[in-house]
Amino acid sequence: MLLSHAFGLFTKPDAEWAAIRKEHETPRQVYVAYVLVLAAIAPVCAYISTAYFGWTVGSERLVKLTEISALQLSVLTYMAMLVGVFALGYAVNWMARTYGAKEEHTPSNGIALAAYSCTPLFLAGFALLYPVPWFNAAIFLVAACYGAWLMYDGLPIVMGIEQDRAAVYGGALLTVGLVILVSTRVGSVIIWNFFAGPVFVG
């Protein structure tokens, strides 16, 4: 049932945000029924493309990862995405009182807003099946922009604040999101260097 929101956020986002607020699902329900499923798209597609299709940069030779290396990196990416969504949702709830919204003991609305705002990024993972760096970067850039707009659009509805405060609230959350992105990427690189670095085929 929660997966139906993925389509609604592209066709009638305002109505979908209102339905999400009304449902008020717990963070566990949102994670199990939505985030765990959609967040797996990018890692699975990345595993397939890096282990079996390979990619080229310019006129260089085809580059592939070993199956084990591709699996390790995909699992790390998946974990980083799960941590990132939770951290963003926690930040939404933690900053709520500052911008006139109600801070919840259990950050249901914050987690829901973060999770559903990331829907375009989750679905953009399908683009990794066509492993062309510039194409993937363009798709994820568009998805990130739409995800940021979704969060801005959903803030006043889900968090119950005035529209004029949503711009400042959204700007603060964008900054937090960038910090989370950099932190998870740096953490992944550290783990790659010490425990699970990429291993290329041939």
Report task. List the steps and the verdict of side-chain contact (heavy atoms from CB on, under 4.5 Å) for Leu65 and Tyr47. Result -> CA-CA 9 Å; Leu65 296 177; Tyr47 169 77; over 6 Å; no

**Report entry** Those residues that, when tested against Thr50, pass side-chain hydrogen bond (donor to acceptor under 3.5 Å, both in side chains) (two or more places apart)
**Finding:** none

[X] versus [Y], closest heavy-atom pair with distance:
X: Lys64; Y: Ala51; answer: CD-O, 4.0 Å
X: Leu181; Y: Thr184; answer: O-OG1, 2.9 Å
X: Arg165; Y: Gly100; answer: NH1-CA, 3.2 Å
X: Val30; Y: Ala115; answer: CG1-CB, 3.7 Å
X: Leu150; Y: Leu9; answer: CD2-O, 3.6 Å
X: Gly160; Y: Arg21; answer: N-NH1, 4.0 Å

Check whether [X] and [Y] end up in the same hydrophobic cluster, where Ile, Leu, Val, Met, Phe, Trp and Tyr are linked by side-chain heavy atoms less than 4.5 Å apart.
X: Ile157; Y: Tyr34; result: yes
X: Met81; Y: Val179; result: no
X: Val35; Y: Phe140; result: no
X: Val158; Y: Val176; result: yes
X: Phe135; Y: Trp55; result: no

For [X], I'd like to know if atom [atom1] has over 12 heavy atoms of other residues, nucleotides or ligands within 6.0 Å.
X: Phe86; atom1: CZ; value: no
X: Met95; atom1: CE; value: yes
X: Tyr99; atom1: OH; value: yes

Query - Within the 6.0 Å centroid threshold, strictly below: Tyr152 and Trp149 - result: no

Query raised in the report: If we ignore angles and hydrogens, is there a donor and acceptor under 3.5 Å between the side chains of Gln29 and Thr26?
Result: yes

Requested in this report: Apply side-chain contact (heavy atoms from CB on, under 4.5 Å) to the pair Val44 and Tyr78, showing each step before the final yes or no.
Outcome: CA-CA 9 Å; Val44 170; Tyr78 185 54; over 6 Å; no

Which side-chain N or O atoms in residues 125-134 pair as donor and acceptor under 3.5 Å with protein atoms at least two apart or in another chain?
none

Report task. Test Glu16 against Phe7 for side-chain contact (heavy atoms from CB on, under 4.5 Å), laying out the working first. Result -> CA-CA 9 Å; Glu16 210 62 39; Phe7 179 75; over 6 Å; no

Query raised in the report: Parallel, tilted or perpendicular: which fits the ring planes of Tyr116 and His5, with parallel below 30° and perpendicular above 60°?
Result: perpendicular

Query raised in the report: Does any N or O in the side chain of Ser108 come within less than 3.5 Å of the main-chain N or O of Glu104, such that one atom is a donor and the other an acceptor?
Result: no

Query raised in the report: Between the side chain of Lys102 and the main-chain N/O of Ala96, is any donor-acceptor distance below 3.5 Å?
Result: no

Query raised in the report: Hey, mind stepping through Ile41 and Leu38 against side-chain contact (heavy atoms from CB on, under 4.5 Å) and telling me if it holds?
Result: CA-CA 6 Å; Ile41 294 174; Leu38 293 189; 3.9 Å; yes

Report task. List for me each residue that meets salt bridge (Lys or Arg N to Asp or Glu O under 4.0 Å) alongside Glu103, sequence neighbours excluded, and say none if there are none. Result -> Arg97

